[in-house]
Each structure stands twice: as C-alpha cells, then as structure tokens.
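In this text, all values refer to a predicted model and were calculated from it rather than measured experimentally.
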Amino acid sequence: MIKKLLLPVFTLFVLQSCTVVRPGEVGVKQRMGKLSNEITTQGPALFNPFTSKIIKASIQTNDLEQNLSLPSKEGLSVNAQVSILYRLEREKVGKIIETYGLSYENIISNVFRSASADVSSNFFAKDMHSGMRSNIEAQIKAKMGDVLSKQGIIVESVLMKSIQLPAGLASSVERKLQAEQDAMRMEFVLQQEKLEAERKIIAAKGTRDSQKIVAEGLNNDIIKLRSIEAFLELSKSSNSKIIITDGKTPFLVD
C-alpha cells in the first residue's frame, strides 16, 4: 500500500524537478534566489523544485513593434510604426535576467524611444518618407547599440515600416513627387522628339545625297546604254511589238 502511494509521489517529484529547454532557448538555474553563472542549452534540465527553478529565455531574433510619434527638425510630429529586431547574447542571459528580470523588452522600448527622438529631431519630416529613411534607421540602431550591447542585448535592425506625415505636409510631398514625375515624363517626351527630329534630318540628308549621286551619274552616255539594254531585253520576247525610234531612243508600242 505504501509503495503504491510512494510511486505517484515520486513520479510527481520527478516531473516537477525536470524541465525541457527548447531549441532557441537557454535556461538559467536560480537557487535560493541566486542565479547561476552556468547556461543550460536545449534539452532536459534537472533541478530541486524546493530550492531551485530554471528561468528560460529566448536567444532567437525577436521582433518588438513600437507605435510612436517622432519629432522632426521643423517641429512636426510624425506617426511611425517601427519594428526592432533584437536578440540576447547567450553568455549574458544570466546578467540580463539579474539586471532587468524578464521584462527586458521594456528597457529596449525605453532606449528606442529616447534614441529615435534624438535621431529624428535632426531630420525633416519629409526625410522620413524618402530615401533618407535607411539613414535614420541606421542611426537609431547605432544609438541603441551604444546602450544595450554592453548589457548583452544585440539590436540587429530598426525598420520603419509605416510613416504617417501630417495631412498638409503629406499633400505637399505628394504634389512635389507628382511634379517631379511630370518633369521626368516631359523630359523623356522631349528627348524622344529630339531623337525623332535627328532621325528625320539624317533620313532627309541621306535622300538628298542619294539623289545627288544619281543625278551626277546620269549623263547622256549612261542613258543611251540603259536604253539599248532595255531594247535588247524587249527584242528577246516572243510577243509582237511595234518599235518606234528616231535612231537614238526606242519607244515600244504593243
């Protein structure tokens, strides 16, 4: 009877003293409130459930999304949706948990808000909606890295996915872009017309030169020779013909 009671108790104890660290995770053992320096990688991990526990954290690349209003150089507010791609250094997970606990994303968010405000205030609002965006992203990432990399948090990318300019400025930017496109289109049309005009000039010049060459080459001797050749070809035909000639140039009458 006692054995039957001990078996489920033992089984429960084993289950409670074992956890599985999945791929992309690491585990840090906490014993009597103190974190161990050893990192447990994927696989089963044993611990004393009465005095210890395993704290698990992801070391994969994580995506932290932020929605905020960024200040611009001219004092406007630009609404932005930003993704922060980050990961934890395996060897520093214990230090991160000890310093920030498992709410380290709040720290990343606060650092991002400070860095993004500092960087965006050096750019005009229209720059955030143009080719300057990648430059802004790189500067925010670098500024965040100065603070977080020492703590073992690696910022891999800062991606500004959505930028919403103030209504008036958005219309102005759209009009400017439309004007630039119209100017490029007109430049293309003018270039095509210029090429067509050059083509016509070249064609006309070629026709003129051809006519000039023909005119210079058609002297009386060549005309007589061509007439004799045509007369000889006609004489070979079996059809009856009447040839009228003055002895110089023949004329054919069927």
Side-chain angles (χ1 to χ4, degrees), residues 21-28 35-42 55-174 176-177 180-181:
V21 180
R22 296 179 176 84
E25 291 182 335
V26 294
V28 180
L35 290 172
S36 171
N37 293 326
E38 295 182 4
I39 299 296
T40 303
T41 55
Q42 65 183 54
I55 302 175
K56 292 183 283 187
S58 172
I59 56 172
Q60 293 178 323
T61 297
N62 295 284
D63 183 2
L64 176 61
E65 289 199 356
Q66 297 286 295
N67 293 285
L68 73 167
S69 180
L70 297 174
S72 68
K73 190 172 183 178
E74 64 265 57
L76 298 175
S77 294
V78 179
N79 295 324
Q81 181 182 18
V82 184
S83 281
I84 305 166
L85 302 181
Y86 76 93
R87 63 179 175 84
L88 307 182
E89 283 190 61
R90 180 191 305 238
E91 294 76 12
K92 295 184 179 180
V93 169
K95 179 182 177 182
I96 294 170
I97 296 175
E98 183 178 9
T99 305
Y100 305 117
L102 294 177
S103 59
Y104 48 80
E105 282 198 344
N106 292 334
I107 304 300
I108 298 173
S109 178
N110 291 334
V111 172
F112 164 73
R113 289 178 180 275
S114 175
S116 61
D118 288 346
V119 172
S120 64
S121 62
N122 295 320
F123 292 87
F124 293 106
K126 62 182 180 63
D127 295 334
M128 304 180 197
H129 206 276
S130 67
M132 295 293 291
R133 179 185 298 190
S134 59
N135 191 15
I136 297 173
E137 294 171 343
Q139 290 191 32
I140 294 174
K141 174 189 172 185
K143 207 169 188 65
M144 292 179 67
D146 291 341
V147 178
L148 296 175
S149 60
K150 300 174 184 177
Q151 307 300 323
I153 301 174
I154 305 302
V155 179
E156 295 184 344
S157 296
V158 174
L159 305 174
M160 302 175 73
K161 300 192 298 184
S162 176
I163 298 294
Q164 186 177 354
L165 298 176
L169 181 60
S171 300
S172 176
V173 171
E174 289 177 0
K176 180 182 178 182
L177 292 175
E180 291 176 351
Q181 291 178 357

When rounded to the nearest 0.5 angstrom, what is the spacing between CD in Glu105 and OG in Ser103? 9.5 Å
So, applying side-chain contact (heavy atoms from CB on, under 4.5 Å) with Ile140, which one of Val155, Val158, Val82, Asp118 is it? Val158
Hey, could you give me the NZ/OG distance between Lys143 and Ser114, rounded to the nearest 0.5 Å? 7.5 Å
Between Leu64 and Phe112, does the side chain to side chain contact (heavy atoms under 4.5 Å, CB included) criterion hold? Intermediate values first, please. CA-CA 10 Å; Leu64 176 61; Phe112 164 73; over 6 Å; no
Taking C-beta and beyond as the side chain, do Ser121 and Lys73 meet within less than 4.5 Å on heavy atoms? no
The reported gap from NZ in Lys141 to CG in Leu159 (rounded to nearest 0.5 angstrom) is 10.0 Å
Can you find a heavy atom in the side chain of Tyr104 that is under 4.5 Å from one in the side chain of Thr99? no
Worked verdict on Asn122 versus Ile136 for side chain to side chain contact (heavy atoms under 4.5 Å, CB included): CA-CA 9 Å; Asn122 295 320; Ile136 297 173; over 6 Å; no
List the atom of Ala117, the atom of Pro71, and the distance in Å for their closest heavy-atom pair. O-CG, 4.0 Å
Check whether Arg87 reaches the backbone of Ile59 with its side chain - one donor and one acceptor, N or O, closer than 3.5 Å. no
Side chains of Ile154 and Glu89: closer than 4.5 Å at any heavy-atom pair? yes
Working to the nearest 0.5 Å, report the span between CG of Leu70 and CD1 of Ile163. 6.5 Å
Step by step, work out the side chain to side chain contact (heavy atoms under 4.5 Å, CB included) result for Asn106 and Tyr100. CA-CA 9 Å; Asn106 292 334; Tyr100 305 117; over 6 Å; no
Gly152 and Ile96: which non-hydrogen atoms are nearest, and at how many Å? O-CD1, 3.5 Å
If you measure only the distance, is there a donor-acceptor pair under 3.5 Å linking the side chains of Glu137 and Ser157? no
Take atom CZ in Arg113; do more than 12 heavy atoms of anything else shown fall under 6.0 Å from it? yes
Rounded to the nearest 0.5 Å, what separation is found between the CD atom of Gln151 and the CD1 atom of Ile108? 11.0 Å
Heavy atoms, side chains only, cut-off 4.5 Å: are Asp63 and Tyr86 in contact? no
Roughly how far, to the nearest 0.5 Å, is CD of Glu25 from CZ of Arg90? 12.0 Å
Under a 4.5 Å cut-off applied to non-hydrogen side-chain atoms, are Glu74 and Phe124 in contact? yes
Check ion pair Glu65-Lys161 (N to O, under 4.0 angstrom): yes
Do Lys92 and Ile153 make a side-chain contact, defined as non-hydrogen atoms from C-beta onward lying under 4.5 Å apart? no
Flag side-chain contact, heavy atom, 4.5 Å: Glu156 against Thr61: yes
Under a 4.5 Å cut-off applied to non-hydrogen side-chain atoms, are Ser58 and Asn62 in contact? yes
